[in-house]
Amino acid sequence: MKKFQLGEFEEVVLLTVGVLYPDAYGVSVKKEIEERLSRKVSVGALQSALKRLEDKGYLKSSEGEATQERAGRPKRYFTITALGRKAMEYTKRTRDELWAAIPKMALHPKMTGI
Amino acid sequence: MKAQEPHPPRFLLRFFRWFCHPELQKYIEGDLLELYNERLQQSSKRKADWRMAGDVLLLFRPSIIRPTQSVDYINPHDMFKNYFKVGIRNILKYKVFSFINVFGLAVAMSLCMLIILMLADQHRYDAFHEKKTRIYRILTNYEGSRQGYATSPYPLAAALKTEYTVAEDAVTLMPGVGGDATYQQRIATMRGYFADPSFFNVFSFDLVQGDKKTALSAPFSVIISKALAEQLFEHENPLGKVIDFSDRQLAFPLEYDGIGAAPVKWGSLTVTGVLDPTAYKSHLAFDALVSTSTRQALINEKKVEDLSNNWEFFYRAYTYALVRPDKNEDDLNTALSDLVARKYANLKFDQVKGFNLTGQALTDIQTNLQGNDVNNRLPRIGYYFLSILAAIVMVLACLNYTNLSTARALTRAKEIGVRKVTGANRSALVFQFLSESIITSLLALGMAVMLLLFIAPAFKGLWVNQYLNFELPSTFEVYGIFIGFAIGVGIVAGLYPAFHLSLYQPIKALKNLGGASAGKLGLRKVLSVSQFVVSLFFITTAILIYQQFKHYLEFDYGFTSKNIVNVQLQGHDYRKIANAMSTVPGVSTISATDLIPAGNTNNNCEVRKMNTSGDYISMGKLTTDENFTSTLDLKIIAGKNLPAVSDSTSRFILVNETAVKEMGYAHPADILGEVFETKFGGELLEVVGVVKDFRYRLLINQHEIGPLVMQNNPSSFAFLNVKIASPNLMATVGKLEQTWKRIDPVHPFRYQFYDQQLASLHQGIFDLVSILGFIAFLAITIACLGLLGMATYASERRTKEVGIRKVLGAQDSSIALLLSREFVWMIALSIAIGAPLSYFVNNLWLQSLPNRIEFGMGILMLGVAILLALGLITIGSQTWRASRAKPVDALKVE
């Protein structure tokens with residue numbers, strides 16, 4: 001059953017929003033992902049992922065302060081909702097279950113050698 | 001002071017703001033700017049700009065782009081109803097303006113609709129063939145020819161079928177059947193093609209009676225048209241009946257001035273089928289199809305020429321190829337050029353240089369006229385010409401609408417303000433004004449359909465249409481196109497006013513401070529002036545062409561054409577007919593000739609002085625008898641007339657003055673007795689006399705009179721010129737007809753009065769005058785309507801001013817002058833631009849016309865006077881009315 005829909009990039013974004021709490025907004029999330037995962041993230045990809053997550057109800061946003069370097073444009077802070085938490089937990093749990101179900105031999109092929 | 005901070009390229013941000021969802025815009029923009037500033041610290045501005053551009057481009061994705069409908073979208077149905085209601089109310093409230101708009105659009109539309117009808121009519125040709133997309137007619141062309149030929153070499157179809165795979169089938173249509181079909185006592189003229197059984201495989205004609213598979217197989221079988229069957233067999237069943245056929249070499253498929261030959265009996269033809277060509281709209285028309293296998297028997301009897309291996313002679317046969325479904329035009333053309341390369345490598349004839357064969361799609365035939373074609377049609381250039389004229393008139397009418405709507409913007413300003421304040425955005429207002437203009441143009445459509453009821457028959461009645469055969473039937477599809485067209489016109493006409501009016505700021509509009517002050521005309525002036533420039537151009541052009549037409553009609557040909565009747569000999573011996581007719585009382589002289597001088601056919605010959613090696617000189621050639629000079633009142637200025645017919649007469653010739661000069665003689669007398677040889681056949685010609693120059697070619701074809709040779713050769717005579725002395729022309733012609741009937745009871749007496757015949761040659765020009773005159777009339781009508789609207793509006797706007805001025809003691813005339821000044825100035829400007837323009841443009845084409853008139857100031861002045869008169873009447877009617885109004889009424893206006 002597919003209870004929670006969460007793509008790989010969406011999961012990364014969701015987790016990063018959690019990591020950055022309470023300072024998760026566009027630029028900080030982008031930088032965090034780029035730093036930790038050393039992968040390039042475009043503003044477009046990130047924003048559309050954030051919008052999808054918000055539409056699914058995993059994230060909620062609030063308008064933040066406007067600063068000098070943003071030429072007066074407000075920030076938009078994201079926080080994880082209860083549903084978002086459930087989705088994260090569900091994903092993690094399914095991954096753990098899958099990990100647990102892998103036989104040891106499969107991951108250590110050397111041991112099979114006779 | 002703070003230094004200017006570097007900022008990202010404005011267009012990037014503007015682009016981003018344009019596409020971004022409004023809810024997300026400010027946040028993402030903030031992110032972008034933050035990143036930009038950060039990058040600016042790390043690297044150069046250029047790099048930061050580029051990276052920003054990349055970011056913006058990557059943001060252009062469905063989840064970020066704004067939805068197409070505006071966010072605050074309310075139930076549109078009620079608004080539509082409101083737009084419609086307001087639109088109708090506005091039209092009804094300002095009846096004068098609405099009428100001007102509707103009428104102007106309708107007039108132009110009806111013209112455009114006529115063109116649409118014509119195009120639709122042409123589009124229906126040959127649409128019934130099931131395989132029409134695969135049928136190609138093969139055209140012939142060679143280097144240096146003026147246009148391609150619709151005909152191709154006779155053996156082509158057979159070669160295409162047997163030596164190439166590109167064509168599934170091919171059919172040759174060979175004209176050459178033209179004579180009298182006889183059944184029992186009934187005789188009818190029958191013209192048509194030789195065709196083989198492939199005809200029915202390529203084309204989708206159906207037989208009313210008979211079997212398509214076998215009808216054209218056996219020799220001496222014939223398929224006749226339904227009309228011919230009714231003529232010959234009346235109520236009998238034509239199938240299997242045998243008709244006698246004598247060929248008279250009647251011209252076919254195009255009817256030129258009917259020159260026939262003495263009848264040759266072909267024998268009996270068996271009717272194997274009846275076809276009704278009138279049931280099909282096709283470029284092919286015929287009375288009969290004779291099986292191609294008949295030709296072999298006729299060739300054996302030497303009654304027709306054997307062309308089955310003749311690749312040089314490409315004037316006689318039409319070839320149609322049916323291309324295989326998996327092949328296309330390119331494949332066909334490749335095969336054809338390969339065929340030409342193989343067959344023509346060792347041939348030597350005049351046109352072999354650059355000789356080529358190409359396919360012409362069947363659907364393209366109707367609008368793409370070729371040389372040697374099967375019928376007369378309006379060539380493509382004609383459609384372009386008419387379409388351009390119609391488009392110009394349509395644009396003028398649309399300008400009117402634009403002009404009047406923007407002029408009247410002030411009356412709508414309050415409404416726009418209220419709508420905007422209550423939440424209408426710009427697109428809604430644009431939509432509203434567009435729907436209004438579409439309503440107007442649909443009303444115009446209704447009126448245009450009525451106008452079309454008058455224009456279409458007038459067009460069909462034009463002289464040219466007897467050759468072009470436009471039927472112009474109206475079908476549902478055509479009406480569908482009309483409605484689409486009207487909506488298109490509505491949008492085009494309303495676009496500028498819609499965008500202009502919807503731009504008003506609500507506050508300004510409500511306070512009536514809008515930018516549209518009545519005094520400033522700007523763009524509207526430009527539009528009006530351009531309308532009058534175009535009108536003036538059309539008026540002068542129409543007058544000019546009319547003058548040219550009159551010039552041709554009154555032209556001095558150098559011979560008498562009055563009271564001469566040209567009688568077609570139709571293959572009879574000229575002496576027999578001439579002798580019989582000379583006994584008719586009232587006939588003064590009778591002469592014979594091979595073609596009508598100054599008509600649309602010519603003959604040429606090439607001559608040079610005997611025993612010299614110089615170039616041959618090309619001369620016009622007329623074959624006439626000895627009476628010709630006296631019938632046409634030609635003056636012999638040196639030597640004597642042609643000798644009467646005897647065996648050696650064809651040696652003696654008359655030449656004209658130009659020929660004398662052309663051959664290098666100073667005086668007409670010097671050429672007498674000189675002997676010339678001709679290029680082909682080397683026949684010797686001895687000059688016996690010199691005639692005064694006269695026009696022997698069509699005026700529109702030749703400016704100067706060229707050299708001419710006249711020779712007495714009875715075998716080629718095709719016309720009698722009967723000069724009538726009695727004052728009662730028709731009575732004499734009636735007697736001539738009786739004489740003809742006695743000699744030839746079968747064929748009708750065909751004659752034309754020479755002067756009328758010459759006049760009718762220029763009838764096409766008069767059609768052009770009619771068309772251009774009509775369009776000039778439309779253009780000036782539309783321009784005046786526009787002017788009327790603007791003048792009415794201007795005087796309405798200034799009613800109060802007029803009232804005050806009058807109270808203060810202004811004269812009626814000075815007020816009329818005040819109100820008209822602006823418009824008079826506009827007309828003056830139009831004339832200043834239009835007059836030189838029409839002078840130069842018209843001179844461009846006039847210079848290339850032979851026997852032209854001088855385009856003098858007179859024509860230009862007449863055009864200007866017409867324009868000025870109409871324009872001043874239009875303005876005056878309004879301003880005079882306004883200036884005469886009672887000041888009390890004027891001051892009460894609010």
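By convention in this document, chain letters (A, B, ...) are assigned in the order of the sequence lines, proteins followed by strands, and residues within each chain are numbered from 1.
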- Say whether, by atom type as modelled, one donor and one acceptor occur between the side chain of Ser435(B) and the main chain of Tyr83(B) under 3.5 angstrom. no
- Note on the structure: Comparing Leu32(B), Asp55(B), Leu35(B), Asp31(B) against chain A, the one with the most heavy-atom pairs below 4.5 Å turns out to be Asp31(B)
- Sub-6.0 Å ring centroid separation between Phe15(B) and Phe19(B): yes
- Residue Lys51(A) versus chain B: region with a heavy atom under 4.5 Å: side chain
- Contact leader toward chain A among Val56(B), Ile64(B), Leu57(B), where contacts are heavy-atom pairs under 4.5 Å: Ile64(B)
- Item | Carboxylate-amine/guanidinium proximity below 4.0 Å for Glu65(A) and Arg70(A) | no
- Task: Say whether, by atom type as modelled, one donor and one acceptor occur between the side chain of Ser441(B) and the main chain of Val489(B) under 3.5 angstrom.
- Result: no
